[in-house]
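Worksheet: one structure, shown below.
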Number of protein chains: 2
Amino acid sequence: MARRNTNRRVGIADVARMAGVSHATVSRVMNGNAAVDPDIAARVRAAAAELKYQPNPVGRSLALGKTDTIGIVVPDLANPTFQAILRGLSIAAAQDGYRVLIADSSEVTSEEAILAGEARRRCDGVVLCAPRMGDAELEELAPTLHPLVLINRTTVASNTPSLSVDYSQGIQELATHLVSLGHRKIAYLEGPLHSASNRQRLAGLEQFQAKHPDIELQFLEAGSNFDSGHDATDAVVASGATGILAFNDLVAMGLLSGLHERGIRVPEDISVTGFDDIPFARYTMPPLTTAAVPINELGSLAWRRMREQMQQSADATEAEESAQDVFEPRIEIRRSTAPVSLPVG
Amino acid sequence: MARRNTNRRVGIADVARMAGVSHATVSRVMNGNAAVDPDIAARVRAAAAELKYQPNPVGRSLALGKTDTIGIVVPDLANPTFQAILRGLSIAAAQDGYRVLIADSSEVTSEEAILAGEARRRCDGVVLCAPRMGDAELEELAPTLHPLVLINRTTVASNTPSLSVDYSQGIQELATHLVSLGHRKIAYLEGPLHSASNRQRLAGLEQFQAKHPDIELQFLEAGSNFDSGHDATDAVVASGATGILAFNDLVAMGLLSGLHERGIRVPEDISVTGFDDIPFARYTMPPLTTAAVPINELGSLAWRRMREQMQQSADATEAEESAQDVFEPRIEIRRSTAPVSLPVG
DNA sequence: TTGAAAGCGCTAACAC
DNA sequence: GTGTTAGCGCTTTCAA
């Protein structure tokens, strides 16, 4: 006996007893699975209503082998990007009767695999946002997590659907925009060094440099949040660059505030761009030129891909090529970028 | 037989077979509960490692009567306030090995009770943010949800811990701040009409009016997000008020952008205040004067109260008076408020 | 159409 | 110290 019968909630047995039928019949009525005599069904329903019976999801899960829950692993819930993905995912999943379980790795990369595994055991699938996990580790992990949807990562292992943003393309367009405004000295405020999306931006800038060998391109360390942008202010000023490509909107906003404190005007003295187009980007001072990522769609598409995979598993229709969705950012030109000003004198 | 044995994951039975012991022994080793012969324990551990065995949480949950999961019901995951609470809760709960399950009611008040009930059945407790739910409904619902923690609501039913912000006090301080700057015509941009926290602000303003009968106080309809603030711009201008108390930071930011579009300067022409001090409030144009709510603490304290309740239930130490925590907002004066300007001429 | 019974994977009481 | 067994609450097979 695993449990003392203290504090028992009403279970299927209570309804069965009250309606004078077996558990099985109650189950059938509740799920509308098999045909049940209308009179009996009515009796069962009445008893269920009377007792306010609601099936215990844990018992169902064990019997059914599914939890109607999916997990999402995010590196940092404070990041608007992941908040938006979470929201889109949660709303889309709810429409199909699924709930979302959160696992926040708090940027501790070494925990991600463990969290993801644990989430998978509790859930029917996992959406993994693990920008800093090594490729090898991801490749090893992916098959054990199936059904799995990857955000901003791809892996060769076990055809896993992935949704990603073409950061390379976006940053190139932003850089080109600066060039078209006459900027010749441009600095990139790098994101976390091991972040996959930072690497993509770097790759994009390499292509950009190849096309524009005359542009002086510098690389400055920063990070992925407000503070790292703010802390990079001195380095930005020292660089002498007139156009700054920040890793993302948060970094750009931190920089904006740092420049403002030093009395450096944007865009008159320095042009600044962000990335992501978070909701607040249009309300910064000045409004931020950035690359817009359709972030809400990411969440809902993640759910669609998850559902497709779960159906495939159910049908045993394996081996279907899984989708690799790539979102192209759209450049949003606002007021933080302007033609380069001529040196005084 | 509930399941065809397709696609079986490795279970406790496999480990038991491999180690040549019973399920029970494997369970004992995995949980470190009872004393087990060291040699046998080693054999079990080796088998578990070999098979990469991880206990199935659903089975555990059913046997233990607990899921190590708590649910949170929020009206809108797009709202930074709830994002912050979710985050604080998730991080704090994770520290004790608990996960968070999300239920986003998408502002559909009629769904909240259902969502909360469903969340409670899947989880060991529920944190409920339901600002628009009627008092009567809440009072009826609360006992069925226990352990329950209420955010920004209280209920007389079944002593339920609640965390709330003293919006009344905060809005009075903000109003007083405007008065001290010389403003005599003040308008309040109302939040959702049925929101409990809006009612608190109204109550606070009533007290304020009593203390300052000479101040002309107007009430304008708005809402709780950017757009409602933006849409209220014309009404604000028409009101002739020089000091605006927005329902929250989002509304204030929407208004800021609306005023800017019309060439009305803040704070020179109109002073604007927000509420909440969301992370972006200091980066608006101009930086927003607001009432700071220690929002991250709210989430972690919610977890603490939840844990206390769960322990009480376990100890059957019922009837202990449950905490009603009230957070006092701290006024954060930035640049969106300034002395009222003298009428020209 | 219905009930009895097995089983989902696990924990814990009980007997040895 | 260890195995046997009951039971958590449910679904589904099987036999009637």
Side-chain angles (χ1 to χ4, degrees), chain A residues 1-44 47-48 51-68 118 120-124, chain B residues 1-44 47-48 51-68 118 120-124:
Chain A
M1 199 171 308
R3 211 90 283 263
R4 325 125 196 88
N5 66 344
T6 122
N7 204 349
R8 287 238 299 102
R9 298 176 90 80
V10 9
I12 200 170
D14 302 296
V15 179
R17 198 173 316 118
M18 183 163 190
V21 296
S22 68
H23 324 276
T25 299
V26 176
S27 171
R28 287 190 270 253
V29 172
M30 297 305 292
N31 296 292
N33 279 339
V36 175
D37 180 281
D39 288 358
I40 297 196
R43 232 163 59 215
V44 168
L51 297 170
K52 292 195 206 303
Y53 168 69
Q54 302 279 160
N56 177 327
V58 180
R60 284 197 99 224
S61 291
L62 190 58
L64 255 23
K66 65 198 279 286
T67 60
D68 292 346
E118 203 223 281
R120 179 60 185 86
R121 255 167 273 127
R122 289 171 122 93
C123 303
D124 299 344
Chain B
M1 197 171 309
R3 213 87 281 264
R4 325 126 194 86
N5 66 345
T6 120
N7 205 350
R8 286 233 305 98
R9 297 177 91 83
V10 5
I12 201 171
D14 303 297
V15 180
R17 198 174 314 119
M18 184 164 190
V21 296
S22 69
H23 323 274
T25 299
V26 176
S27 171
R28 287 189 269 254
V29 172
M30 297 306 291
N31 296 293
N33 279 338
V36 175
D37 179 282
D39 287 358
I40 297 199
R43 232 163 58 215
V44 168
L51 296 170
K52 293 196 208 301
Y53 167 70
Q54 302 279 158
N56 177 327
V58 179
R60 285 197 99 225
S61 292
L62 191 58
L64 255 23
K66 64 198 281 286
T67 61
D68 293 344
E118 203 223 282
R120 179 59 184 87
R121 256 167 273 127
R122 290 171 122 94
C123 302
D124 300 343

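Just so it is clear: chains get the letters A, B, ... in the order the sequence lines come, proteins before strands, and each one is counted from 1. Everything numeric in this text was worked out from a predicted model, so none of it was measured.
Within residues 20-29 of chain A, the residues approaching DNA chain C are A/V21, A/S22, A/A24, A/T25, A/R28, by heavy-atom distance under 4.0 Å. For DNA chain D, the residues of residues 30-41 of chain A within the heavy-atom distance limit of 4.0 Å (strictly under) are A/N31, A/N33, sorted by number.
Taking atom NZ on B/K66 and atom P on C/dA12, their separation rounds to 10 Å, with Å as the unit. Atom pair B/R17:CZ and C/dG9:P shows a separation of 12 Å (rounding to whole Å applied). A straight line from CG of A/L64 to C1' of C/dC8 spans 10 Å, rounded to a whole angstrom. Distance, A/N56 CG to D/dG9 C1': 6 Å, rounded to whole Å. The distance from atom CZ of B/R43 to atom C1' of D/dT2 is 11 Å, rounded to the nearest whole Å. The distance between atom CG of B/L62 and atom C1' of C/dA12, rounded to the nearest whole Å, is 14 Å. Counting to the nearest Å, the C1' atom of C/dG7 and the CZ atom of B/R9 are 19 Å from each other.
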Given A/D68 and B/R122, is the side-chain contact (heavy atoms from CB on, under 4.5 Å) satisfied, shown in steps? CA-CA 10 Å; A/D68 292 346; B/R122 290 171 122 94; 3.3 Å; yes

side-chain contact (heavy atoms from CB on, under 4.5 Å), that's the test. Do B/N31 and B/R60 meet it? Break it down for me. CA-CA 11 Å; B/N31 296 293; B/R60 285 197 99 225; 2.9 Å; yes

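Distance alone, capped at 3.5 Å, places no donor-acceptor pair between the B/N33 side chain and the B/R28 backbone.
Annotation: side chain of A/S61 is not in contact with side chain of A/V58 (no heavy-atom distance under 4.5 Å). With contacts defined as side-chain heavy-atom distances shorter than 4.5 Å, the pair B/V21/B/R43 qualifies.
A/T25 approaches A/I40 most closely through the heavy-atom pair CG2-CG2, 3.9 Å.
The line from CD1 of B/I12 to CZ of B/R17 is 12.0 Å long, rounded to the nearest 0.5 Å.
Residues meeting the salt bridge (charged side-chain N to carboxylate O under 4.0 Å, His left out) test with B/R120, sequence neighbours left out: none.
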